Amino acid sequence: MGLLDILLGRTKPVVADLDRLFALPSAAVTLEAAAGFTPTGHGAVCFATVEGAAFEQSHREVQALLDADTDRDGPPVELRRDDYGYSWLVSRRAPDQLSALVTDLHAVNSQMEVNGFGPQLLCSLAGFEDPSGRRLALVYLYKRGTFYPFAPLPDGTQRRDNALELQVRAALSGDLRIEQDLSRWFPVWGAPGL
């Protein structure tokens, strides 16, 4: 970044560090101890939908890579579109296989980057729940290289449990690079994998 960029207030975008995803299993231990949340085994990668043969080929490669895993329990990886027009590649594992789920999420992001679709990547999430059935997602913002908690209220309305999100932020600040700008804690209503 040059002097002119500094004077004009321009900044370099943060480079995504996908290896930060591998901190999730240790953060899950802290999360369980601090708030009683355990992994659901569900996770997803969200990206802006792109039309075209190259994108479809990339999607098929990623899905074939993940579906080839013989240790996978349950349904194969699936592609879903949400009500907002975004695509989600959803992976399901056993709840005790968070490391394998994180590997899946990393593989999807990496393959999309390699195939030139890094700009379309938005976020990845891993789902958690507590014994009372409350849901929580730890969301990785691809373009920021940071995490934030997303906790929808269990009443079915599109409202968040802000107190829980702040509690999780405080608990995980030593385990994950938490997004400091709260305005970037975007709600992911109806996200597959949550």
Side-chain angles (χ1 to χ4, degrees), residues 9-24 27-28 30-31 34-35 37 39-50 55 59 62 77-92 98 101-102 104-106 108-110 112-113 117-130 133-173 175-194:
R10 290 182 266 187
T11 60
K12 283 186 174 181
V14 176
V15 178
D17 183 359
L18 293 176
D19 289 344
R20 289 190 177 139
L21 288 169
F22 292 114
L24 278 172
T30 303
L31 184 59
F37 282 84
T40 62
H42 299 173
V45 175
C46 180
F47 47 92
T49 303
V50 176
F55 185 75
H59 164 253
V62 168
V77 175
E78 68 176 308
L79 179 68
R80 295 186 42 198
R81 291 210 174 144
D82 66 18
D83 295 338
Y84 302 101
Y86 295 105
S87 295
W88 294 82
L89 196 60
V90 182
S91 179
R92 291 179 183 85
L98 182 59
L101 177 67
V102 168
D104 290 350
L105 300 177
H106 188 276
V108 170
N109 282 287
S110 296
M112 296 284 283
E113 271 186 343
F117 295 105
Q120 280 71 36
L121 289 168
L122 301 174
C123 68
S124 298
L125 65 84
F128 294 82
E129 72 179 331
D130 72 0
R134 291 186 304 170
R135 295 274 183 172
L136 170 76
L138 292 179
V139 181
Y140 176 74
L141 291 172
Y142 178 80
K143 290 175 175 62
R144 303 277 297 173
T146 56
F147 290 87
Y148 69 90
F150 173 68
L153 287 173
D155 60 8
T157 61
Q158 288 193 347
R159 295 182 310 147
R160 299 166 75 165
D161 187 341
N162 298 108
L164 176 60
E165 290 177 355
L166 295 175
Q167 176 190 358
V168 169
R169 175 181 73 169
L172 297 182
S173 63
D175 293 285
L176 300 174
R177 183 170 177 223
I178 301 294
E179 175 59 50
Q180 296 302 308
D181 182 355
L182 298 183
S183 70
R184 295 192 182 268
W185 290 22
F186 305 110
V188 285
W189 304 119
L194 177 60

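The structure presented is a predicted model; accordingly, all values stated were derived computationally and were not measured.
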Query raised in the report: For Ala44 and Trp88, which heavy atoms make the closest approach, and how far apart are they?
Result: CB-CE3, 3.5 Å
Report summary line: With sequence neighbours left out, the residues meeting side-chain hydrogen bond (donor to acceptor under 3.5 Å, both in side chains) with Asn162 are none
Query raised in the report: How many angstroms lie between CG in Leu24 and CG in Leu105, if you round to the nearest 0.5 Å?
Result: 8.0 Å
Query - Closest contact, heavy atoms only, Asn109 versus Tyr142 - result: OD1-CD1, 3.9 Å
Query raised in the report: Hey, are Arg169 and Glu179 close enough for a salt bridge, meaning a charged N less than 4.0 Å from a carboxylate O?
Result: no
Query raised in the report: Any sub-3.5 Å donor-acceptor pair from Lys143's side-chain atoms to Cys123's backbone N or O?
Result: no
Report summary line: For Ser124 and Leu21 the tightest heavy-atom approach is CB-CD2, 4.5 Å
Query raised in the report: When you measure from the side chain of Thr40 to the backbone N and O of Gly127, does any donor-acceptor pair fall under 3.5 Å?
Result: yes
Query - Smallest separation among heavy atoms of Phe22 and His106, with atom names - result: CE1-CD2, 3.4 Å
Report task. Kindly write out the residues that satisfy side-chain hydrogen bond (donor to acceptor under 3.5 Å, both in side chains) with Thr157, not counting sequence neighbours, or none if the list is empty. Result -> Asp155, Arg159
Requested in this report: List the steps, then state whether side-chain contact (heavy atoms from CB on, under 4.5 Å) holds for Leu31 with Phe128.
Outcome: CA-CA 9 Å; Leu31 184 59; Phe128 294 82; 3.7 Å; yes
Query raised in the report: What distance separates Leu141 CG from Cys46 SG, expressed to the nearest 0.5 Å?
Result: 10.5 Å
Requested in this report: Using salt bridge (Lys or Arg N to Asp or Glu O under 4.0 Å) as the criterion, list what pairs up with Asp83, not counting sequence neighbours.
Outcome: none
Query raised in the report: Any donor and acceptor pair, going by atom type alone, linking the side chain of Glu165 with main-chain N or O of Ala151 inside 3.5 Å?
Result: yes
Query - Results of salt bridge (Lys or Arg N to Asp or Glu O under 4.0 Å) for Asp175 - residues two or more places apart only - result: none
Query - Ile178 side chain near Gln180 side chain, heavy-atom distance below 4.5 Å - result: yes
Report task. Would you give the length of the straight line joining atom CZ of Arg135 to atom CG of Asp130, rounded to the nearest 0.5 angstrom? Result -> 10.0 Å
Report summary line: So CG of Leu172 and CD of Gln167: to nearest 0.5 Å the spacing works out to 10.0 Å
Report task. Heavy atoms only: give me the nearest Phe47-Leu79 pair and the separation to one decimal. Result -> CZ-CD1, 3.7 Å
Report task. Show the numbers, then the answer: is there a side-chain contact (heavy atoms from CB on, under 4.5 Å) between Leu138 and Val168? Result -> CA-CA 9 Å; Leu138 292 179; Val168 169; 4.1 Å; yes
Query raised in the report: To the nearest 0.5 Å, how far apart are CG in Leu18 and CE in Met112?
Result: 11.5 Å
Requested in this report: Go through the structure and list residues passing ring-ring contact (aromatic ring centres under 6.0 Å, His included) with Phe147, not counting sequence neighbours.
Outcome: Tyr140
Query raised in the report: If you look at every heavy atom in Arg81 and Ser87, which pair is closest and at what distance?
Result: NE-OG, 3.2 Å
Please table the atom pairs, donor to acceptor, closer than 3.5 Å between any side-chain atom in residues 186-194 and protein atoms at least two apart or in another chain.
none

Query - CG-CZ distance between Leu89 and Arg80, expressed to the nearest 0.5 angstrom - result: 11.5 Å
